[in-house]
Amino acid sequence: MSGDRRVRVRIAPSPTGYLHVGNVRAALFNWLFARRHGGVFIIRIDDTDRARSDDRYIEDVVSGFRWLGLDWDEGVEVGGPHGTYRQSDRFDRYREVADRLIDMGRAYHDFRSTEEMEELRARARVEKKPPGYYVRRPPGSDPDTARRRLGAGEQAVVRFSNPGRAVGFTDVVRGEVRFEADAIDDFVILRSDGSPTYHLASTVDDIDYGITHVARGEDLLSSTPKHILITEALGGERPVYAHLPLLFGPDGRKLSKRHGDTSLRAYREGGYLPEAVFNYMGLLGWSLDPDNEVFGREEAIAAFDLADVQKSPAVFDPDKLGWMNGVYMRSMATGRFTDLAVASVEEDLGRDLDGDERSRLAGLAPLIQERAKLTTDIGPAARFLFSDITYDDKAWRKVMKADARRALAAARRMLENVGDWNAANIEKALRDMLAAESLNPRKGWQPIRVAITGSNISPPLFESLEALPGEVALARIAAAIARLDLQAGAG
RNA sequence: GGCCCCGUCGUCCAGCCGGCCUAGGACGCUGGCCUUUCAAGCCAGAAACGCGGGUUCGAAUCCCGUCGGGGCCA
């Protein structure tokens with residue numbers, strides 16, 4: 001693409017909040033691109049906004065990417081030849097670059113007040129000109145005058161001086177994009193407090209770090225000509241740009257907090273698997289094969305190309321993510337599932353399981369696995385095995401009908417005589433019960449399910465019974481009978 | 001308001017250097033089968049080329065216009 005340079009891409013989150021799924025998707029595409037081309041994937045921390053930045057958000061970024069399996073070759077925590085990869089450690093560098101631009105005549109100190117600038121913008125608006133049309137170098141902004149005023153204690157921002165030239169570039173996903181000179185104002189690169197703006201810091205870093213491809217959200221598309229102008233002024237090599245379609249909420253707006261969970265953390269903690277999130281994200285704006293939506297990292301790497309990325313925005317659909325999570329839940333190795341089950345159950349119960357409990361859970365785990373969509377579904381599904389049950393009212397009323405007591409009583413008798421407490425023997429006893437009482441499975445067995453689990457929704461009955469100690473199962477059936485009798489007496 | 005981007009089922013993705021498209025797959029939805037509940041699975045179904053012109057024997061695919069949506073700046 002850009003000569004024979006080794007691909008170097010970056011993702012540059014701002015640590016002002018939890019890692020956003022939009023950033024995750026951008027990171028995924030950058031990572032796939034880097035891996036596809038044997039390149040370098042870099043995580044840079046764009047923390048120029050020191051007031052709003054917090055180290056715990058950096059930790060969130062780092063742990064989030066690790067969780068997803070997006071490993072990086074340079075950047076925060078892993079280091080590399082470019083220092084800490086945190087912009088807050090490079091303010092001197094940005095000021096130095098700004099000074100150089102001033103010396104070159106490509107930037108200037110601007111002492112005008114906010115009010116004055118607003119007037120210029122208002123004027124442009126009235127005249128239906130681009131908003132920054134009149135934001136140009138004013139008279140008396142020469143270096144000598146500026147130095148004098150600065151020395152007198154006046155405040156000034158530093159603006160990049162637009163050379164008055166249209167800027168066009170070839171975007172890998174969008175094709176030719178062009179901005180007229182009038183559309184690009186003399187944008188600020190250094191605030192009056194000396195801190196760099198995004199445009200400056202990001203561009204300087206991209207140059208200094210040798211970034212070859214910038215793949216980022218479409219929201220930055222209109223900033224790109226500014227970055228190109230800075231890059232050219234500094235004699236840097238222009239990276240290849242790829243502006244990724246934005247992620248939308250169901251209302252067709254840029255995905256944001258008001259749409260609910262937009263942080264990766266929420267999904268991590270909400271019971272989603274990293275491979276499902278990885279896979280689902282890969283389906284937003286890209287596809288490996290329309291007939292095969294379930295794919296892993298190696299397949300994705302082998303097929304990925306930024307040029308194949310969709311131009312139009314994608315709506316983030318939690319339903320489909322949930323379905324995909326279920327796909328991965330069912331396909332995972334039993335051993336891994338059992339480990340997840342133990343963790344989920346312990347979390348749900350708020351205590352550790354002992355050896356016997358673990359083996360009982362392991363016995364039922366494959367049947368729970370078939371039914372669980374989220375890892376957080378497991379605890380509630382297995383709760384009846386380890387703690388007292390509470391009856392779901394609706395379930396109770398639904399199944400505890402006319403024949404229920406008879407079925408429970410008969411089941412209790414038959415189950416008392418089961419020798420070896422296993423699913424096969426339990427099934428035989430309960431089938432005999434059905435025959436003896438002339439009941440169908442629905443009428444005969446649903447009451448037992450509610451009696452032992454509290455709910456009419458549970459893993460299969462025989463295995464659920466098996467996973468319970470026999471005496472506990474019998475006691476629960478007895479308790480249900482007693483409750484029915486109590487209700488009959490009261491009614 | 002200015003500039004820029006986008007426009008195939010409700011949603012995601014395929015098709016887009018024209019005919020194989022009576023537009024394909026997936027999620028969701030509806031109905032059915034299976035079935036001890038719930039899932040899963042299987043089968044079936046509803047569901048889209050924003051609109052208008054043009055080019056062409058033929059357009060989702062090319063061109064123009066229009067409408068709509070979004071992003072950025074304010």
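In what follows, chains are A, B, ... by sequence order, proteins preceding strands, each numbered from 1. The basis for the numbers below is simple: all heavy atoms, side chains too, and nothing from hydrogens, waters or symmetry mates.
One side chain, A:Gln87 or A:Asp205, offers a donor N or O that lies under 3.5 Å from an acceptor on the other. Between the side chains of A:Trp396 and A:Gln487, at least one donor N or O lies within less than 3.5 Å of an accepting N or O.
Listed by first and then second residue, the side chain to side chain donor-acceptor pair (under 3.5 Å) pairs that reach into residues 170-182 of chain A are A:Thr170-A:Glu176, A:Asp171-A:His243, A:Arg178-A:Glu180, sequence neighbours excluded.
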All N/O pairs under 3.5 Å across the protein-nucleotides 62-66 of chain B interface:
none

Legend entry - Letter per nucleotide, 5' to 3', of nucleotides 67-74 of chain B [B base touched, S only sugar-phosphate touched, - untouched; heavy atoms, 4.0 Å]: ---BSSBS

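Residues from residues 369-382 of chain A with heavy atoms under 4.0 angstrom of RNA chain B, sorted by number: A:Glu370, A:Arg371. A heavy atom lying under 4.0 Å from RNA chain B marks the following residues of residues 451-472 of chain A, by number: A:Asn456, A:Ile457, A:Ser458, A:Pro459, A:Pro460, A:Leu461, A:Phe462.
Within the 4.5 Å cutoff, side-chain heavy atoms of A:Leu70 are placed close to those of A:Trp31.
Across every non-hydrogen atom of A:Asp403 and A:Arg406, the tightest pair is OD1-NH2, 3.1 Å.
With sequence neighbours excluded, no residue forms a side chain to side chain donor-acceptor pair (under 3.5 Å) with A:Arg25.
Using a 4.0 Å cut-off between a side-chain N of Lys or Arg and a carboxylate O of Asp or Glu, A:Arg112 and A:Asp110 qualify as a salt bridge.
Of the C1' atoms belonging to B:A48 and B:G15, the separation is 13 Å, rounded to the nearest Å.
In summary, the aromatic rings of A:Phe316 and A:Tyr267 are positioned with their centroids under 6.0 Å apart.
For the pair A:Trp323 and B:C27, the criterion of a side-chain N or O lying under 4.0 Å from OP1 or OP2 is met.
A:Arg174 comes within contact range of the sugar-phosphate backbone alone, with a heavy-atom separation under 4.0 Å but no base atom that close.
To the nearest 0.5 Å, atom CD1 of residue A:Ile378 and atom CD of residue A:Gln369 are 8.0 Å apart.
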